[in-house]
Amino acid sequence: MMLMLTAYPFINLIWMAVSTITFEQASEVWTFTPVRNFQDLLSDEIFRIALWNTIVFSVVSVSVEIVLGLGLAILVSSITRFKGVVRTALIIPILMPPIAIGSMWSLMYGFDFGVINQMLGYIGIAPLNWLGSTSLALMSVIIVDVWHWTPFVFLILFASVEGLPRDVIEAARVDGAGNRAILFKIIIPLLKPAIFVALLFRSILAFKVFDEVFLLTSGGPGTSTEVVSLHLYKVFFVQNEMGYGALLSIAIICATVAFLWVGKCAGSALKEN
Amino acid sequence: MLALRGYSRLIGYALLGLGVAIIIAPFLWISLQSFKFEIDILQGSWIFNPTLTNYTDVLYSRRSDFPVNIWNSLVVATVSTIFVLIIGTLAAYSLSRLKWNKYIAGGFLGWTLLFNMISPLTLIGPWYLIFREVGLSESLTALVLIHITLHMPMTIWLMMSYFNEVPKDIEDAAMMDGCRRIDVFWKIALPLVKPGLIAAGVLSFVFSWNEFAAALNLTSMDTATVPVAIARFAQQYEIQYGQMASASVLSTIPALFLMFFGQRFVVQGLTMGAVK
Amino acid sequence: TDSYVDVGKQEPITILINSSPWYRGFEAVVELYEEQTGNRVSLEVTPFNGMLEKARAAVRSPGTSPLDLVNIDSPWTIEFYEGGFLTPLTDIDPAFEVPDEVYAYDDSGCWDQGKRFRTCDSGTLMGYSPNGNIQLQFYRGDVFKEKGLSPARTFDEVLKNCEALHNPSDTYGYLQVGQRGGGVTYSFMPYLLSYGGNLVADPLNGDYSVILNSPAAQQALDKFIEVSQKCGPENYGIIGQGDLIQLLQTGKGLQAHAVVAAFPNFDDPRKSAVVDKIESSVLPSASMDASPGVGIANWVFGIPHNASDSGKKGALAFSKWFLTYEAQYAYAEAGAIPVRRDVYASDLKLQREFRWMDTYQDAIEHGKQIYGYAEGAAVVDVLELKLNQALIGELSSAAALNAAAEEMHKLFVRSGRKTGTLTPLSE
Amino acid sequence: MAEVRIENLKKDFSGIDVIRGIDLHIKDKEFIVLVGPSGCGKSTLLRMIAGLEDITGGELRIGGETVNDLEPRERGIAMVFQSYALYPHMTVEKNMSFSMTLEKQDSERINKAVTQAAESLKLTPYLDRLPRALSGGQRQRVAMGRAIVRDPKLFLFDEPLSNLDAQLRVQMRTEVRKLHQRLNATSIYVTHDQVEAMTMADRIVVLDQGTISQVGTPLELYDRPANKFVAEFIGSPSINILPAKLEGNGLRMGENGSLVRLEATPQTDSKHVEVGIRPEHLFPAEAGSIEGEVQVIEHLGAETYVFLTANDTDICWRIAGRYDAAIGDKIRLGFDSNNLHIFEADSGRRIPGPE
Amino acid sequence: MAEVRIENLKKDFSGIDVIRGIDLHIKDKEFIVLVGPSGCGKSTLLRMIAGLEDITGGELRIGGETVNDLEPRERGIAMVFQSYALYPHMTVEKNMSFSMTLEKQDSERINKAVTQAAESLKLTPYLDRLPRALSGGQRQRVAMGRAIVRDPKLFLFDEPLSNLDAQLRVQMRTEVRKLHQRLNATSIYVTHDQVEAMTMADRIVVLDQGTISQVGTPLELYDRPANKFVAEFIGSPSINILPAKLEGNGLRMGENGSLVRLEATPQTDSKHVEVGIRPEHLFPAEAGSIEGEVQVIEHLGAETYVFLTANDTDICWRIAGRYDAAIGDKIRLGFDSNNLHIFEADSGRRIPGPE
Ligand SMILES: Nc1ncnc2c1ncn2[C@@H]1O[C@H](COP(=O)(O)OP(=O)(O)OP(=O)(O)O)[C@@H](O)[C@H]1O
Ligand SMILES: Nc1ncnc2c1ncn2[C@@H]1O[C@H](COP(=O)(O)OP(=O)(O)OP(=O)(O)O)[C@@H](O)[C@H]1O
Ligand SMILES: [Mg+2]
Ligand SMILES: [Mg+2]
């Protein structure tokens with residue numbers, strides 16, 4: 001069953017990617033048009049922009065989330081009281097349906113009545129055009145993403161932090177390590193496998209980001225927050241171009257793989273130094 | 001982990017406090033909105049007449065079968081999480097401890113990742129067809145199966161990383177004590193990765209709880225889940241913020257509760273497993 | 001009440017309907033139907049964003065459709081007509097016809113497969129509109145009275161009024177949708193049409209020459225941008241239909257054009273700070289001589305080709321009932337936008353809450369369907385981006401129109417239409 | 001200056017008193033060996049000195065400064081953990097150089113120190129291995145290496161050689177003492193090995209259930225244990241304890257045993273005493289006051305232990321070289337009254353003799 | 001029946017040869033002690049017997065059956081791990097009873113076994129504790145307890161007493177031997193403690209870098225070590241090794257030292273030999289052939305070690321009781337030629353004497 005649920009759609013996807021699908025008399029007509037689909041891909045300006053935005057979005061949001069999630073995980077495991085409460089509080093954002101997050105944040109970002117601008121007003125800062133300015137919009141989306149997904153990273157890493165061998169950390173402390181050294185030389189290296197998994201799945205999820213962008217900006221203003229899955233949605237779904245959409249989807253997978261691979265290389269290059 | 005004493009204790013707690021505040025402030029704000037009339041929400045008023053209309057509307061209006069939706073979500077999320085945890089931990093354990101052929105294991109893990117990258121948009125169609133063929137369309141079973149499939153990869157990967165942290169020595173000792181592999185898994189490895197198991201469970205539950213694309217297409221009015229119901233408040237031309245807020249609160253709270261009890265259940269199950 | 005038509009006993013049916021401001025009206029009418037006839041109707045209510053997916057899934061899959069009557073937004077209808085997914089209503093009952101009193105909304109319910117265009121002259125009847133949404137101009141009656149202003153008839157008057165009204169960020173002089181993907185195109189249509197521009201030359205007769213980048217269109221776009229810049233809030237480039245309506249509700253917006261479906265919101269004290277203060281008028285035009293460009297954004301009810309026979313019959317029976325004067329009257333009373341001319345002409349309009357009905361009757365005369373062809377969705381997508389880019393200043397108006405025209409041209413070439421281009425505007 | 005002053009130090013682990021008021025003054029450059037039965041609180045005491053356990057009560061001063069609330073790294077301490085606590089993600093080399101890199105020493109110096117330490121610990125072939133690919137003893141040596149590359153004021157060793165073979169242990173003993181001298185550091189060394197305790201210590205501290213039983217030089221403890229507990233704990237095989245009664249300045253062994261004259265009258269009020277006599281102080285004697293039946297003979301090569309029972313008391317006799325007897329043989333053993341240790345039967349306190 | 005036959009057993013850890021072809025036949029009910037320097041492969045060998053490490057080459061038979069590919073639990077083995085490997089999530093009691101619950105023994109019996117084991121291990125007060133709240137020695141005892149509640153064919157002990165104090169160790173030693181006898185099990189016991197090795201073993205196996213150096217009873221190994229390695233390894237302090245030259249049936253110590261007559265002519269071709277002489281076989285003698293300068297004196301209480309240098313060779317002299325000398329004193333020591341061990345200088349092989 002599981003195989004069918006995964007393999008069949010995938011094969012279908014590949015087949016679609018080299019076809020053009022139209023409907024006649026309420027039935028599908030598949031035409032084999034690989035060249036045309038690829039040409040479309042090559043000349044798809046918006047896809048390129050979307051890819052770039054997605055990469056920026058993923059790199060920034062995932063790295064911020066990892067840093068914050070790790071920080072929170074370590075802080076929470078370092079406190080002695082209220083651990084349970086804090087942990088529960090910290091995972092609330094992932095409990096909220098993305099669609100609610102999108103709409104409620106767009107309300108919060110509201111230019112005129114949004115609570116964020118209200119707050120800024122109290123401390124004497126002029127209201128910001130969070131979602132409406134091309135320079136800010138992507139950042140605003142990233143902020144929401146960070147808020148939404150940091151708990152994910154936190155949860156994964158917290159479980160791992162709690163299992164770290166205490167005597168090793170004590171040994172480091174006696175060896176003269178301060179909190180900083182313990183963090184960077186002991187905890188983070190020991191957490192590497194968990195960080196890796198968190199990074200992996202956060203990156204994949206970030207590459208697939210849709211709900212937040214769709215509800216907050218729909219890719220606008222202009223193309224400033226256009227991301228690949230939004231583009232895919234428009235092509236595959238709104239424009240009903242299933243063949244090209246499938247190819248796009250495969251291109252996105254390839255891009256994700258490439259992205260992860262580059263990330264891995266960058267990671268090991270960093271480690272060398 | 002870190003020693004928070006004196007000065008660094010202050011900073012630590014301050015940072016943590018700030019983090020918690022930033023994370024829950026929006027939620028509290030949203031909860032606040034759920035007690036406002038829409039006009040107060042729109043105007044961002046802080047002083048307003050509190051009302052429960054949003055809640056009554058969400059819970060009792062004809063369009064929104066919210067209690068039913070919550071029930072559906074509970075069923076789907078709980079059942080799929082249980083299955084995901086069982087299958088996922090077993091798979092993860094066997095991958096991390098049994099000597100699998102490198103290519104088979106690598107291929108399997110790679111495939112789970114790749115599958116995770118596919119946009120759900122392109123998957124829904126085939127799934128819809130499959131379930132119509134086998135006569136499961138619009139049933140919760142279909143949704144459960146999909147959620148199991150969707151959330152399995154992450155669970156496997158996560159649990160693998162947690163299992164790898166278990167000292168091999170301890171498992172060896174259990175083998176000496178007369179455990180079969182499966183006993184080692186149940187009685188030693190699983191209890192030792194309890195925090196990880198809970199994390200994976202929470203994530204699988206949450207993802208299932210919030211999954212929208214498949215839930216929308218594979219359910220009907222009777223079997224719709226919470227996210228689908230909530231999405232109805234984002235109607236054409238108008239987002240019904242009040243109802244949206246109250247529905248979010250209503251959706252978050254059972255999830256919180258369930259996770260809380262779920263954790264207990266997991267913990268208890270494991271202790272029982274260890275005793276038996 | 002006894003003048004409701006008798007449609008006889010029918011099997012239960014399922015209607016796919018989206019949540020929307022007028023949903024409650026529909027729900028009320030369905031309840032009435034059940035009460036009257038004893039027939040069961042279940043409503044499959046989906047989020048707006050899930051409509052199309054569900055409708056497609058139901059009609060495309062093999063086997064019997066779980067839905068018997070589906071609600072389709074007019075831009076999507078072509079896909080369903082052309083793909084053969086709907087049963088012509090006359091196939092179910094040759095005697096069925098839509099009453100004359102029901103607005104045709106620029107023939108949105110008919111399809112001519114040969115011409116690949118919607119027209120009732122030569123086409124078959126595929127559906128009818130359950131909701132006749134169009135755009136109207138809204139303004140604040142109280143403020144206008146106080147300042148001695150009158151509703152704008154031209155866009156220049158809009159600008160003039162707005163000088164007196166615009167006082168950011170307390171009040172905004174004129175609101176129009178600017179969001180990409182949120183309806184900037186629809187919001188721009190009144191300008192385009194009234195200035196004498198259009199997208200394609202003559203689709204009815206198969207001429208898909210792109211005429212978007214005409215000087216008239218440029219004029220229209222420049223005016224559109226000017227109004228946004230001078231009279232809108234700072235984030236005009238991201239204002240969606242919902243945001244706009246809500247700005248009116250909070251009392252910040254003093255003039256605007258928006259969909260009529262929004263109107264009940266203005267008088268709902270739970271949602272609005274301006275109860276009873278918003279008035280409507282026909283959209284402004286390019287000049288006093290030009291006619292206003294009223295874009296129609298209606299929905300169409302159709303019956304899936306793969307619905308069960310009893311379902312088809314039941315759906316048609318419901319439709320008959322639904323389109324009667326009595327049903328439509330009740331429909332309007334419950335807060336929806338009715339589709340019968342005689343309901344608009346009835347005593348309802350005398351009621352304060354239906355004060356928009358007169359305007360509606362005037363405006364619908366100018367109503368136009370904009371994309372009656374299969375490439376519609378792709379064209380909108382292009383326009384949403386380019387118009388938004390022009391609006392926020394990323395592109396000049398000429399560049400935006402040229403680019404959009406070029407892409408549209410490509411689309412038509414690709415689908416094998418007879419098409420052509422204009423000489424590009426100088427950028 | 002790293003004298004250590006411990007005043008009324010206490011530790012309880014949520015209700016379990018583990019250290020119950022310890023007073024101890026360790027002089028600068030002293031080598032203290034800490035011994036005591038398993039679970040008596042040795043590791044806990046070391047961990048408190050290192051700053052790894054909160055101090056429940058009392059005061060701890062190192063080099064004159066109260067360090068109760070100081071961070072471990074501010075105390076200038078190197079420690080070998082009983083559980084090794086190696087950094088699993090670092091090679092042996094990195095494990096050993098970690099503390100020096102933290103101090104930002106230049107790499108040449110680090111290199112030299114690590115090479116040297118590895119040399120003396122016989123770890124050179126393993127420098128690039130991760131701890132998980134090492135044997136138990138190798139791990140323990142890495143733990144040792146981590147401490148000895150440093151230059152601390154105070155060394156804490158928690159059973160650092162327990163997993164090493166005898167030969168290596170002898171070598172390491174010498175290394176540790178040398179290091180102690182070279183660095184002019186103060187050392188506290190926990191061990192269960194009698195030889196280590198006797199040979200390495202300037203003074204031995206005997207801990208019993210969280211309190212100090214006796215502090216003194218090795219031979220002081222051996223020759224004049226303050227109480228029965230110390231007498232039994234120091235020396236292996238353990239001292240023989242026989243019940244006896246004081247009669248004037250004579251000592252009657254067992255119920256109706258022979259009377260042993262003592263040179264001086266013991267200063268005590270209690271009549272019931274216990275007499276301790278070390279296994280090596282017994283000798284075969286026709287007229288000996290102990291008659292026992294051979295139960296077990298253990299041949300260690302260089303010496304032999306003969307275990308007998310005399311009047312229901314187990315007695316061990318230690319003989320240099322070989323000794324042959326059959327199980328069940330009856331043997332008469334004598335002793336010199338100078339070699340007796342007399343303890344009050346109830347309190348266990350030593351009754352001072354004529355020393 | 002649990003005789004163990006090991007034939008040409010080999011293990012390499014991805015390229016590192018750790019066990020290099022071991023042949024060993026352990027008889028049923030035998031108590032084998034396995035000794036060898038740290039890192040020589042003792043734990044690896046045990047783990048292979050237990051079935052925890054794959055066997056790279058050779059054959060392993062337990063009770064006649066080849067078990068190379070059997071699951072650990074099918075081998076009927078109980079094992080104490082060097083690293084303890086306690087179950088962190090179970091109390092001491094659960095840790096100990098785990099194997100019995102797996103066998104679905106009835107709870108009364110389990111209870112009895114655990115209570116008894118806890119008693120003998122002095123763990124009764126800690127039965128409800130989790131391992132992390134135990135001291136090092138207590139943990140080690142739990143590890144021991146886990147093995148001794150069981151009823152296996154074969155016991156494997158990997159340094160099970162290394163973290164216990166001397167007294168407890170002596171008691172545990174007895175317990176283990178008793179257990180071994182009661183259960184009629186075969187035991188393989190790894191230790192670094194000379195006393196344990198000498199007193200517990202039926203036979204000792206000396207391992208050196210993954211190969212067996214010698215197998216024999218304790219005194220065989222002590223008295224007739226097969227090579228220099230065994231001679232040095234067995235006995236603490238270690239045997240003194242002096243270079244010498246064979247001259248007929250005489251032995252010239254050092255370059256120009258005195259000539260020692262031997263009772264029989266050694267059977268060897270090599271002229272250059274090394275002479276081993278145990279520290280306890282030296283005695284002061286005016287005409288002794290070794291003259292050394294005192295470097296260190298170690299007082300152990302019951303005995304004294306004097307370390308001297310003679311002709312650049314370090315020599316240890318072991319004296320029962322006390323001995324006083326000043327550092328730098330010159331001492332002349334003699335020995336009995338019967339007590340000499342002679343080894344070929346190049347191969348280290350023992351040159352058979354007149355035994
Ligand atoms: N996983 C491994 N990979 C490579 N080498 C290993 C691995 N495990 C052990 N070794 C090496 O194998 C040798 C034997 O190890 P083993 O643990 O059997 O030693 P041992 O005799 O038990 O020593 P000790 O007395 O120190 O416990 C050691 O030199 C060790 O470094
Ligand atoms: N976290 C804890 N909670 C409760 N009791 C503890 C805890 N840690 C240690 N103990 C107890 O404190 C006592 C002293 O422990 P400690 O580790 O200091 O003993 P030790 O003298 O080092 O013994 P060993 O020689 O066995 O290592 C032990 O009885 C132990 O059970
Ligand atoms: Mg300890
Ligand atoms: Mg070992």
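Sequence lines set the chain letters: A, B, ... in the order given, protein chains first and strands last, and positions in each chain run from 1.
- Within residues 197-206 of chain D, the residues that have a heavy atom under 4.5 Å from a heavy atom of chain E are D:M198, D:T199, listed by number.
- For residues 122-140 of chain E, there are no salt bridge (Lys or Arg N to Asp or Glu O under 4.0 Å) pairs, not counting sequence neighbours.
- Taking a 6.0 Å sphere around CD of D:E53, one finds it holds more than 12 heavy atoms contributed by other residues, nucleotides or ligands.
- Distance check, rounded to the nearest 0.5 Å: OG of D:S162 to CD of E:Q140 gives 7.5 Å.
- Only the side chain of E:I16 comes within contact range of chain D, judged by heavy atoms closer than 4.5 Å.
- The heavy-atom pair separating E:D223 from D:R322 by the smallest distance is OD1-NH2, 2.6 Å.
- Here D:P37 is the residue among D:G41, D:G36, D:P37, D:G321 with the most heavy-atom pairs under 4.5 Å with chain E.
- The number of heavy-atom neighbours closer than 6.0 Å to CD of D:Q209, taken from other residues, nucleotides and ligands shown, is 12 or below.
- The greatest number of non-hydrogen atom pairs below 4.5 Å with chain D, out of E:L164, E:L168, E:V170, is found for E:L164.
- The minimum heavy-atom distance between D:Q138 and E:G39, with the atom names listed, is NE2-CA, 3.5 Å.
- Looking at E:C40, E:S38, E:S43 one by one, the single match for side-chain contact (heavy atoms from CB on, under 4.5 Å) with D:S135 turns out to be E:S38.
- Residue contact with chain E, scored on non-hydrogen atoms closer than 4.5 Å, involves the side chain of D:R173 exclusively.
- Counting heavy-atom pairs under 4.5 Å between each of D:E232, D:Q194, D:R169 and chain E puts D:E232 at the top.
- For D:D158, there are no salt bridge (Lys or Arg N to Asp or Glu O under 4.0 Å) partners, not counting sequence neighbours.
- Contact of E:L300 with chain D is made through backbone and side chain together, with heavy-atom distances under 4.5 Å.
- Here E:G301 is the residue among E:G137, E:G301, E:S83 with the most heavy-atom pairs under 4.5 Å with chain D.
- In summary, D:K42 and E:D165 do not engage in a salt bridge, as defined by a charged side-chain N under 4.0 Å from a carboxylate O.
- For E:A302, the parts lying near chain D are the backbone and the side chain together; criterion is any non-hydrogen pair under 4.5 Å.
- Considering only heavy-atom pairs separated by less than 4.5 Å from chain E, the leading option among D:S236, D:G235, D:G136, D:P279 is D:G136.
- Under the rule for a side-chain hydrogen bond (donor to acceptor under 3.5 Å, both in side chains), E:R278 has no partner lying at least two apart in sequence or in another chain.
- Neither the backbone nor the side chain of E:F13 comes within contact range of chain D; no heavy atoms are under 4.5 Å apart.
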